[in-house]
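Values below: all heavy atoms of this structure, side chains included; hydrogens, waters and symmetry mates excluded. Letters A, B, ... are given to chains in the order of the sequence lines, protein chains preceding strands, and every chain is numbered from 1.
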There are 2 protein chains.
Amino acid sequence: MTVTRVTNSIRALRFAHQEMTQADLATRLGVTRQTVIAIEQGRYSPTLEMAFQIARVFKVPLDAVFQYPD
Amino acid sequence: MTVTRVTNSIRALRFAHQEMTQADLATRLGVTRQTVIAIEQGRYSPTLEMAFQIARVFKVPLDAVFQYPD
DNA sequence: CCTCGATGTCAAATTTACCTGACACGCCAT
DNA sequence: ATGGCGTGTCAGGTAAATTTGACATCGAGG
């Protein structure tokens, strides 16, 4: 359960997109609902491939979804 | 050994930065040399956190290092 | 020729991401 | 009340990323 330093704006992006539900996002990504919850909560950082897919769902660049502070 | 769709420009970026060696990059990232090799060869896609760290080493945005086709 | 540094490869182990299935909670409607 | 929906959590698993250690190749220099 690696606490990652990467933060994200998934929750805001979901609501900005027709209040897309976590389950909806999960099926669009081809992952489970629990995975979406864990990523959204920053409990671990997703693979780069999944990060790209999430950005693609919301039609924004990757760094509009994920931020790496410092 | 997941064949990832994500491509990268790590090798070119290493040579553009004082011909930085794979071992040098590995120690800067805090990972092993084998990990750098595998990522550079696209044998699996790194975690998002490591992708951000790699981009930071080369002082370029993430999408200058990694590309997701389609 | 010999060595060294950079690169690559393999097997086996550990860690982390992700899955399956179940259950609990708060909300809003009926 | 109660039933569905969105959200969150937990335990136990599989798969993939990463580590460790060893060995092999190739090019450049001494």
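- Atom CD of B:Q53 is separated from atom OH of A:Y68 by 3.5 Å, given to the nearest 0.5 angstrom.
- Contact between A:E49 and B:T4 at its shortest, heavy atoms only, is OE1-OG1, 3.3 Å.
- Using a 4.5 Å cut-off on side-chain heavy atoms (C-beta onward), B:Y44 and B:T35 make contact.
- Contact check, B:R43 against D:dT18: no side-chain N or O comes under 4.0 Å of OP1 or OP2.
- The separation between B:L25 atom CG and C:dG8 atom P is 13 Å, rounded to whole Å.
- Across the protein-nucleic acid pair, B:L48 atom CG and C:dA17 atom P stand 11 Å apart, rounded to whole Å.
- Atoms CD1 (B:I54) and P (D:dT18) sit 9 Å apart, rounded to a whole Å.
- At a threshold of 4.0 Å, the pair B:D70-B:R5 counts as salt-bridged, since one of the basic side-chain nitrogens sits closer than that to a carboxylate oxygen.
- Here CD of B:E40 is found 4.0 Å from CZ of B:R14. Values are rounded to the nearest 0.5 Å.
- Rounding to whole angstrom units, CG of residue B:L29 and C1' of D:dA17 are separated by 14 Å.
- Contact annotation: A:R14 reaches the phosphate of D:dT7 (side-chain N/O to OP1 or OP2, under 4.0 Å).
- Closest to the side chain of A:P46, from the set D:dT9, C:dC18, C:dG8, is C:dC18.
- Residues A:I39 and A:P46 are in side-chain contact: their nearest non-hydrogen atoms beyond the backbone lie under 4.5 Å apart.
- Of the candidate nucleotides C:dT7, C:dT9, D:dA17, D:dA17 has the atom nearest to the side chain of B:S45.
- Summarising the geometry, the separation between CG on B:D24 and C1' on C:dG5 is reported as 11 Å, rounded to the nearest angstrom.
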Q: Could you walk me through whether B:T47 and A:L48 pass side-chain contact (heavy atoms from CB on, under 4.5 Å), step by step?
A: CA-CA 5 Å; B:T47 61; A:L48 182 57; over 6 Å; no
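- The separation between B:I39 atom CD1 and C:dT7 atom C1' is 16 Å, rounded to whole Å.
- Position along DNA chain C of the nearest nucleotide to B:T21 versus B:E49 favours B:T21 as the more 5'-ward residue.
- For the OP1/OP2 pair of C:dT7 and a distance below 4.0 Å, the side-chain nitrogens and oxygens of B:Q41 include no atom meeting the criterion.
- For the pair B:R5 CZ and D:dA16 P, the computed distance is 16 Å after rounding to whole Å.
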Report, one pair per line, the protein and nucleotides 19-25 of chain D atoms (nitrogen or oxygen only) whose separation is under 3.5 Å.
residue: D:dT19; atom: OP2; partner: B:T32; partner atom: N; Å: 3.0
residue: D:dT19; atom: OP2; partner: B:T32; partner atom: OG1; Å: 3.0
residue: D:dT19; atom: OP2; partner: B:T35; partner atom: OG1; Å: 2.3
residue: D:dG21; atom: N7; partner: B:Q34; partner atom: NE2; Å: 3.3
residue: D:dG21; atom: O6; partner: B:Q34; partner atom: NE2; Å: 2.8

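- For D:dT18, the OP1/OP2 oxygens have a side-chain nitrogen or oxygen of B:T47 closer than 4.0 Å.
- The distance from atom CD of A:E40 to atom C1' of D:dT9 is 15 Å, rounded to the nearest whole Å.
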